[in-house]
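Below: the structure, in structure tokens.
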Amino acid sequence: MAKILCVLYDDPIDGCPRSYARDGIPKLERYPDGQELPTPKRVDFTPGELLGNVSGGLGLKRFLKESGHQLIVTSDKDGADSVFEKELPDSDVVISQPFWPAYLTAERLAKAKKLKLAITAGIGSDHVDLKAAAERGLTVAEITYCNSVSVAEHIVMLILSLAHNYIPSYQWAVDKGWNIADCVSRAYDIEGMSIGSVAAGRIGLGVLKRLKPFDVKLHYTERHRLPEDVERALGLSYHGDVESMARVCDIVTINCPLHPETEHLFNDDLIGKMKRGAYLVNTARGKVCDRDAVVRALESGQLAGYAGDVWFPQPAPEDHPWRTMPHHGMTPHVAGTTLSAQARYAAGVREILECWLEGRPIREEYLILKEGRLAGAGARAYTVGNVTAGSEEARRFRAEGRPLRPAAVRRARARPARAKRKAARRVA
Ligand code: NDP
């Protein structure tokens, strides 16, 4: 029997939806480059329903129960007294999502004596100290491509939102105003602008393809250059280094993984070399940017706007300066966990678990480390190192009294509000 420890985000404050906004999600045949979608033997969930939360359990509960394995699902992940730390020492497998990451630091790995496999339900395994994991001979796998298109779509939305000043204009509408000059005094078209992507992997290339019809000038920088026909078809200008690209772009979108080479890549120096009034969109990882350099650049006007969904640590403490800096379009980490993406990564996790439990090889493209060595997607996009330093700060989120309250308590608290809303509807 294997013990599988799964860390997922909390249920919605009002409890899980009884019905959804749409009756399902489109059925895809393959990923854009032809890669096969996840191929578990079976799934026990309805695609299009919440799966990444504690109650959703990635749709794994029945499968693991029936096959005699132990599954612990929790959102309580930070601090020495967390469920995660208590259950870790005798767990064989840890499953975690980048949206609500269970940081697997060297200290935690040292306590996880039985751990053999860490699965990222999503893409981006930087919450694992890959150096320590490699030394321990662990396998680390993620669900390559599961949400790359979700993020590419999200980035296009963020670029347009920043340039067109959408969020402040929306706020004027909510605040019952009609302040057109206030709305538009920071609004621009992106047509004719230069837009550059740091990396042209699955997300980066997806963004470049989606931006082509906007009549913009497209740039990218990468370690492995794209084939010439792809560059030609999209009209891409290649830059051998990030600085040369950043200098000429009006908008930069960051799409590389976080590893020692990219940690704090966008610091005062690099941001200072960008055009004044450039926009920076980061849906890769918070730590690719220097937190305070971003704030300084927005305050001085060096950056006209910054948007993204990734922070460090996660969840971000209440006083994280990106919550209050000017001209930002931040959300919690959501881009890659649409209901559409959840169905794919839940199926991918099930595929990996089925393989591992049955002693079959895990698909090469899912691998970051295989028994301690860079492999598969990891061998191409990562360097072995540790970028989890400082992750213990995530504990402060709870210390400040934000959710991690048990779901039942939150539901009970939400009840009077729901009753009030219902009563108001009845009166209306
Ligand atoms: P891919 O592996 O397809 O692409 C990553 C690319 O980054 C590779 O092409 C790699 O290039 C490139 N790269 C690595 N290091 C560097 C570097 N130092 N400079 C320039 N390029 C570099 O992954 P995805 O596109 O699917 O995802 C990328 C990242 O996006 C993930 O690692 C994750 O951090 C983040 N992400 C965020 C999500 C969200 O919800 N916000 C969801 C999913 C992912 P090469 O092959 O040449 O080495």
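Both ligands and their constituent atoms are indexed starting at 1 by order of listing. Just so you know, residue 1 is the first one in the sequence shown, and it goes up from there.
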For atom OH of Tyr188, decide whether the heavy atoms of other residues, nucleotides or ligands shown that lie under 6.0 angstrom number more than 12. no

Hydrogens and angles aside, do Ser125 and Thr120 bring a side-chain donor and acceptor to less than 3.5 Å of each other? yes

Please lay out, stage by stage, how Glu354 and Lys41 fare under the test salt bridge (Lys or Arg N to Asp or Glu O under 4.0 Å). CA-CA 8 Å; Glu354 284 177 359; Lys41 290 181 179 166; 5.5 Å; no

Close-contact set for ligand 1 against Asp309 heavy atoms, below 4.0 Å: 39 (C), 40 (O), 41 (N)

Show which atoms of ligand 1 fall inside a sub-4.0 Å distance from at least one heavy-atom site of Val151. 38 (C), 39 (C), 40 (O), 42 (C), 43 (C)

Derivation of the salt bridge (Lys or Arg N to Asp or Glu O under 4.0 Å) call for Glu243 and Arg247: CA-CA 6 Å; Glu243 190 184 311; Arg247 279 182 188 280; 3.1 Å; yes

Classify the angle between the aromatic ring planes of Tyr9 and Phe99 as parallel (below 30°), tilted (30 to 60°) or perpendicular (above 60°). perpendicular

Is ligand 1 less than 4.0 angstrom away from at least one heavy atom of Phe99? yes

Looking only at protein heavy atoms, which one is nearest to atom 4 (O) of ligand 1, and what is the separation? Gly201 CA, 3.4 Å

Is the contact between Ile203 and ligand 1 made by the side chain, the backbone, both, or neither, using heavy atoms and a 4.0 Å cut-off? both

Using a strict cut-off of less than 4.0 Å between a Lys/Arg side-chain nitrogen and an Asp/Glu carboxylate oxygen, indicate whether Asp269 and Lys273 qualify as a salt bridge. yes

Is it true that the side chains of Tyr345 and Thr337 contain a donor and an acceptor less than 3.5 Å apart? yes

Shortest protein contact, atom 8 (C) of ligand 1 (heavy atom only): Glu222 OE2, 3.8 Å

Among all protein heavy atoms, pick out the one at the shortest distance from atom 28 (C) of ligand 1; state its residue, atom name and that distance to 0.1 Å. Asn255 O, 3.5 Å

Counting non-hydrogen protein atoms only, what is the nearest one to atom 31 (C) of ligand 1? Give residue, atom name and distance. Ile123 CG2, 3.9 Å

If you take all heavy atoms of Pro38 and Tyr366, which pair is closest and at what distance? CA-OH, 3.7 Å

Counting only heavy atoms not in Tyr238 (residues, nucleotides, ligands), do more than 12 fall under 6.0 Å from its OH? yes

Against heavy atoms of Gly336, which atoms of ligand 1 measure under 4.0 Å? 39 (C), 40 (O)

Closest protein heavy atom (residue, atom, distance) for atom 7 (O) of ligand 1: Pro257 CD, 3.1 Å

Carboxylate-amine/guanidinium contact Arg108 Glu85, below 4.0 Å: yes

Does a donor on one side chain and an acceptor on the other come within less than 3.5 Å for Ser197 and Asn255? yes

If I apply the N/O under 3.5 Å rule, does His224 come out as touching ligand 1? yes

Asp33, CG atom: more than 12 neighbouring heavy atoms under 6.0 Å: yes

Among the heavy atoms of Gly122, does any lie under 4.0 Å from an atom of ligand 1? no

If the cut-off is 4.0 Å to any non-hydrogen atom of Ser148, which atoms of ligand 1 fall inside it? 26 (O)

Purely on distance, is any nitrogen or oxygen of Asn147 under 3.5 Å from one on ligand 1? no

OH (Tyr20) with more than 12 external heavy atoms under 6.0 Å: yes

Can you tell me the protein heavy atom closest to atom 39 (C) of ligand 1 and the distance? His333 NE2, 3.1 Å

Where does Arg202 meet ligand 1, judged by heavy-atom distances below 4.0 Å: at the side chain, the backbone, both, or neither? both

The protein heavy atom nearest to atom 41 (N) of ligand 1 is Thr283 O, 2.8 Å

Can you figure out which of Glu263, Gln97, Glu261, Arg285 has its heavy atom closest to atom 33 (C) of ligand 1? Arg285

Only heavy atoms of Thr262, strictly under 4.0 Å: list the atoms of ligand 1 that pass. 17 (C), 18 (N)

Where ligand 1 meets Ala199 - atom numbers and elements under 4.0 angstrom, heavy-atom basis: 6 (C), 7 (O), 12 (C), 21 (N)

With nothing but distance in play, are any N or O atoms of Thr221 less than 3.5 Å from an N or O of ligand 1? no

Pairs of nitrogen or oxygen atoms closer than 3.5 Å, one from Arg223 and one from ligand 1: do any exist? yes

Distance to 0.1 Å, residue and atom name: give those for the protein heavy atom nearest to atom 46 (O) of ligand 1. Arg380 NE, 2.8 Å

Decide whether the shortest distance between a heavy atom of His154 and an atom of ligand 1 is less than 4.0 Å. no

List the steps, then state whether side chain to side chain contact (heavy atoms under 4.5 Å, CB included) holds for Gln314 with His127. CA-CA 10 Å; Gln314 291 190 175; His127 59 281; over 6 Å; no

